[in-house]
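Following: one structure in structure tokens, then a few remarks.
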Amino acid sequence: MPLPKMPSKPASMLSPEDYPKADRSKPVKPNITLVETTPAPAVASPVAAVAPAVEAKAAAPRARITGKTTPVAEKPKTAPKSAEIRPKSPTSRVADKLGKSKLFVLDTNVLMHDPTSLFRFEEHDIYLPMVTLEELDNHKKGMSEVARNARQISRSLDALVSDVAEDSIDLGIPLAKLGNKDAKGRLYFQTKLQNAALPEGLPEGKADNQILGVVRALDQQYPERPVVLVSKDINMRLKARAIGLPAEDYFNDHVLEDTDLLYSGIQQLPDDFWNKHGKGMESWQESRHGSSYTYYRVTGPYVPSLLVNQFVFIEPKNGEPAFYGQVTQINGKTAVLQTLRDFGHAKNSVWGITARNREQNFALNLLMNPECDFVTLLGQAGTGKTLLALASGLAQVLETKLYNEIIVTRVTVPVGEDIGFLPGTEEEKMGPWMGAFDDNLEVLNKSDGDAGEWGRAATQDLIRSRIKIKSLNFMRGRTFVNKFLIIDEAQNLTPKQMKTLVTRAGPGTKIVCLGNIAQIDTPYLTEGSSGLTYVVDRFKGWAHSGHVTLARGERSRLADHASDVL
């Protein structure tokens, strides 16, 4: 938009005609569009037992062929940005515009990745090829996560077909039968051999190719209905699209499609915050946990966008002192802001460690707050996640004696080739995976320069006696009382594994989750479906949890430069 022209005389006023106006002839394209869905037309059942007369009644045009769509309305501004970037096949997009229910053919890896995937397709129907059931049977043995998921989905399928007559399976089984009200579609099984010619050169005996054959047969048998393959296997989707079949990834387990929308725990307030929210402001001081804090009760339009335990800051550019605070209460348009303890000062050091930047100071305020039971720290390598968590744990175990001991665990996913069997006890087997904690303990032990060699050795033995290293494989069924539990590399956990760990907390236990969602090593796990992303999104705003995303690396200038250029 052009700037208004300069006034011709000093102190002269511009007339309203001199200001630029938006061109009304150019329509503004909305960033996101929402499709107005119409009631789904009657569609033919994708089973062999349906009479041909029923199939003839489905007069709706084929979703991939027609070009007629319903009017498109603008997406509300409050809608998440993630709706725009979800990659759907053209078949699904056209079917959504027409308001038609789709028939999803599920690959085996979708069921083994998320056992509840059967009930996450809303009003659409699901078709399971016989090869999928065969592969579920092959993977049900063992104690791995995949085997447990295979057994869970098998039990769900058994419960769905338990009291259904043999001659009515072809008509479809309501997915809402087990109490899942959101699942309004039906479940269909392959009850006859599907004959569909695949391109020459594809081995017919391979399970993936047999599923592709089923998808093509359904596509040819029911041309009026959109049939879509859903698979977590990238190569499977590539082969399907290469032979002209619509295929999609499974995204219903994603908490967020765009990780830029992930809650950071920190909010910068506008420079005029106090001018707009200072009217009728109340302030007072309280002493909590041995420190004095100042509280401000403010009211204004910016308050509803804040969350409890979210950190806020104002850094004026005119030389005024900066304000760092934390939201402790929110009631409508009124919030209570609490000043923070400055852990960057040497007198407030935690086990000899001081905060080097703003985010580390926020993290230490959460870690040292006994009212905060669950803390999540995200950040790249070198941001100080492990060092801050370990220092605060040692300070509260050995100095204030708030917790009995520190328990450290992590996911044992190797970066390179697995080195094989590790001898020894559980703690000795976990030793090679805990190199990061050994490095940080060495830094913490060197912080006391006046202790001498014998003093540092005695301190190290005392610290070792209060730190227990446990494996995730033996966490089920345990209850931790008055423990400081650190879960490292939490980005490699699935939401189900994360729930298993967090529910181990007993009275007086604090759980700290550390991770970097840009370094996920678990197969079929992405930034949007990681267990760490899951708990950050679900716990935000709870009065006894907090989250901070550490942005600045403090390891070394070499590590910072490598993170930028490599």
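Since we're looking at a predicted model, the values are computed, not measured.
At a cut-off of 3.5 Å, with distance as the only test, a side-chain donor of Thr116 or Arg120 sits close to an acceptor on the other residue.
Looking at Gln497, its side chain does come within 3.5 Å of a backbone N or O of Thr494 through a donor-acceptor pair. Using modelled atom types, no side-chain atom of Thr533 and backbone atom of Gly528 make a donor-acceptor pair closer than 3.5 Å. Formation of a donor-acceptor pair under 3.5 Å by the Arg410 side chain with backbone atoms of Asp488 is not found in this model. For the pair Arg504 (side chain) and Arg478 (backbone), a donor-acceptor distance under 3.5 Å is present. Here the side chain of Gln190 pairs a donor or acceptor atom with the backbone of Met130 at under 3.5 angstrom. Checking side-chain atoms of Ser545 against main-chain N and O of Gly541 turns up no donor-acceptor pair under 3.5 Å. In terms of modelled atom types and a separation under 3.5 Å, the side chain of Ser154 and the main chain of Ala150 share a donor-acceptor contact. At least one donor-acceptor pair closer than 3.5 Å links the side chain of Gln310 to the backbone N or O of Leu307. Not one N or O on the side chain of Ser529 forms a donor-acceptor pair closer than 3.5 Å with the backbone of Leu525. At least one donor-acceptor pair closer than 3.5 Å links the side chain of Arg241 to the backbone N or O of Ala247.
The minimum heavy-atom distance between Ala381 and Asn516, with the atom names listed, is N-ND2, 4.3 Å. Across all their heavy atoms, Leu202 and Lys239 have their closest contact at CD2-CD, 4.4 Å. Summarising the geometry of Leu229 relative to Ala240, their closest heavy-atom pair is CD2-CB, 3.9 Å, with the distance given to 0.1 Å. Residues Ile126 and Ser117 approach most closely at CD1-O, 4.4 Å, considering heavy atoms. Heavy-atom minimum distance, Gly379 versus Lys385: O-NZ, 3.1 Å. When every heavy atom of Lys510 is checked against every heavy atom of Leu367, the shortest pair comes out as NZ-O, 3.1 Å.
No side-chain heavy atom of Asn180 sits under 4.5 Å from any side-chain heavy atom of Leu175. Within the 4.5 Å cutoff, the side chain of Gln152 has heavy atoms near those of the Lys496 side chain. Contact check for Leu106 versus Tyr250: no side-chain heavy atoms found under the 4.5 Å cut-off. At least one side-chain heavy atom of Thr132 sits under 4.5 Å from a side-chain heavy atom of Ile211. Side-chain atoms of Glu359 and Ile266, non-hydrogen and from C-beta on, do get closer than 4.5 Å to each other. Taking 4.5 Å as the limit, every side-chain heavy atom of Leu378 sits out of range of all side-chain heavy atoms of Thr383. By the 4.5 Å heavy-atom criterion applied to side chains, Ile153 and Leu118 are counted as neighbours. At a threshold of 4.5 Å between non-hydrogen side-chain atoms, the residues Phe374 and Cys513 count as touching.
Using a 4.0 Å cut-off between a side-chain N of Lys or Arg and a carboxylate O of Asp or Glu, Asp125 and Arg225 qualify as a salt bridge. A salt bridge does not link Asp107 to Lys232: none of the charged side-chain nitrogens sits closer than 4.0 Å to a carboxylate oxygen. Asp163 and Lys177 are joined by a salt bridge, as a carboxylate oxygen and a charged side-chain nitrogen come within less than 4.0 angstrom of each other.
Residues Tyr188 and Tyr127 keep their aromatic ring centres 6.0 Å or farther apart.
Classified by interplanar angle (parallel below 30°, tilted 30° to 60°, perpendicular above 60°), the ring pair Tyr263/His547 is tilted. In this pair, Phe311 and Phe362 present their aromatic rings parallel. The plane angle is below 30°, not in the 30 to 60° band.
Enclosure of atom CG in Leu238 by more than 12 non-hydrogen atoms of other residues, nucleotides or ligands within 6.0 angstrom is indicated. When the shell of 6.0 Å around CG of Asp182 is examined, it contains 12 or fewer heavy atoms from other residues, nucleotides or ligands. Open room surrounds NZ on Lys140; 12 or fewer heavy atoms of other groups in view lie less than 6.0 Å from it. Gln380 CD: 12 or fewer foreign heavy atoms inside a 6.0 Å radius.
Distance OG/Ser156 to CZ/Arg151: 13.0 Å, rounded to 0.5 Å. In this structure, CG in Leu388 is found 11.0 Å from CG in Leu366, a value given to the nearest 0.5 Å. Separation of atoms CG (Asp233) and OG (Ser231) is listed at 5.0 Å; rounding is to 0.5 Å. Atom CG of Leu157 is separated from atom CG of Leu128 by 6.0 Å, given to the nearest 0.5 angstrom. Separating the CG atom in Asn309 from the NE2 atom in His544 is a distance of 9.0 Å, to the nearest 0.5 Å. One finds the CD atom of Glu135 at 8.5 Å from the CD atom of Gln210 (value rounded to the nearest 0.5 Å).
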Query raised in the report: Going through the checks in order, is the side chain to side chain contact (heavy atoms under 4.5 Å, CB included) test met by Lys499 and Tyr534?
Result: CA-CA 10 Å; Lys499 179 182 178 181; Tyr534 180 70; 5.5 Å; no
Report task. Show your reasoning for whether side chain to side chain contact (heavy atoms under 4.5 Å, CB included) applies to Leu245 and Arg216. Result -> CA-CA 7 Å; Leu245 298 175; Arg216 170 165 280 192; 4.2 Å; yes
Requested in this report: Kindly determine whether Ile487 and Leu514 satisfy side chain to side chain contact (heavy atoms under 4.5 Å, CB included), including the steps that lead there.
Outcome: CA-CA 6 Å; Ile487 305 174; Leu514 316 175; over 6 Å; no
Report task. Evaluate side chain to side chain contact (heavy atoms under 4.5 Å, CB included) for Phe189 paired with Asp170, printing each intermediate quantity in order. Result -> CA-CA 7 Å; Phe189 292 94; Asp170 290 340; over 6 Å; no
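Among Val502, Asp373, Thr376, the single residue meeting the side chain to side chain contact (heavy atoms under 4.5 Å, CB included) criterion with Phe539 is Val502.
Under the salt bridge (Lys or Arg N to Asp or Glu O under 4.0 Å) criterion, Lys102 pairs with Asp96, not counting sequence neighbours.
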